[in-house]
Amino acid sequence: MRSIPEGRVTTYGLLAHYLGSRAVRAVATAVGKNPDAPRVPCHRVVRADGSIGRYSGEGGVQTKQRLLESEGVVIENGKIDNFDRILFDFSECTD
DNA sequence: CTCGTGACTTACG
DNA sequence: ACGTAAGCCACGA
């Protein structure tokens, strides 16, 4: 997740796939159980349809949305605007 | 071991 | 667009 640049987001599916696991739900659960909010930009991980999803950190989804918008991500009607444009698929990730 | 549940996803009606 | 079903892996009861 630390490879995700500011203003970009990814989905649980892509994240799990990048990790080489098909356990999308397990990955999502792990992310949620270990809120590295201040350490890791877990708020840049959203659902596949562009919706925020959930957030276990302070303020919940509200904070998650504010963090994203603070990085330049535009969210409209609970969904990310230009989702397919700012979507980070790890293709430009060199790690 | 079987069931239910979960920061999920895709497919079908 | 919305509800349901199924698939997925991990975890706890």
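Everything numeric in this text was worked out from a predicted model, so none of it was measured. The chains referred to below are lettered A, B, ... by the order of the sequence lines, with proteins before strands, and numbering in each begins at 1. Computation of the quantities below employed the complete heavy-atom set of this structure, encompassing side-chain atoms and omitting hydrogens, waters and symmetry-equivalent molecules.
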Next on the checklist: Please report the distance, rounded to the nearest Å, between CG in A/Leu14 and C1' in B/dC8.
Outcome noted: 12 Å

Checklist entry - Should A/Glu71 and A/Arg8 count as an ion pair when the cut-off is N to O under 4.0 Å? => result no

Checklist entry - Can you check whether A/Asp89's main-chain N or O pairs, donor with acceptor, with A/Thr10's side chain at less than 3.5 Å? => result no

Item to check | Interatomic distance, A/Glu58 CD vs B/dA7 P [rounded to whole Å] | outcome: 20 Å

Checklist entry - Considering only heavy atoms from C-beta outward, does the side chain of A/Leu87 approach that of A/Thr11 to under 4.5 Å? => result yes

Checklist entry - Rounded to the nearest Å, what distance is computed from the OH atom of residue A/Tyr55 to the C1' atom of nucleotide B/dA7? => result 11 Å

Checklist entry - In whole Å, what is the span from the NE2 atom of A/His17 to the P atom of B/dT10? => result 12 Å

Checklist entry - So do the side chains of A/Val73 and A/Ile75 get within less than 4.5 Å of each other, counting heavy atoms only? => result yes

Checklist entry - Under 30°, 30 to 60°, or over 60°: which ring-plane class applies to A/Tyr55 and A/His43, parallel, tilted or perpendicular? => result perpendicular

Taking only nitrogen or oxygen atoms into account, show me every contact under 3.5 Å that the protein makes with nucleotides 7-13 of chain C, one pair per line with its distance.
residue : atom : partner : partner atom : Å
C/dG7   : O6   : A/Arg25 : NH1          : 2.8
C/dC9   : OP1  : A/Arg22 : NH2          : 2.6

Item to check | Interatomic distance, A/Tyr18 OH vs B/dC8 P [rounded to whole Å] | outcome: 22 Å

Checklist entry - When the distance from CG of A/Leu15 to P of B/dT9 is rounded to whole Å, what number comes out? => result 10 Å

Next on the checklist: Pick the closest DNA chain B nucleotide for A/Thr29 and for A/Val46 by heavy atoms, then say which residue is nearer the 5' end.
Outcome noted: A/Thr29

Next on the checklist: In this structure, how many angstroms lie between the P atom of B/dA7 and the CG atom of A/Leu68, rounded?
Outcome noted: 18 Å

Checklist entry - Roughly, in whole Å, what's the span from CZ in A/Arg54 to P in B/dT5? => result 14 Å

Item to check | Nearest-angstrom distance, P atom, C/dC8 to B/dC12 | outcome: 16 Å

Item to check | Atom CD of A/Gln62: over 12 foreign heavy atoms under 6.0 Å | outcome: no

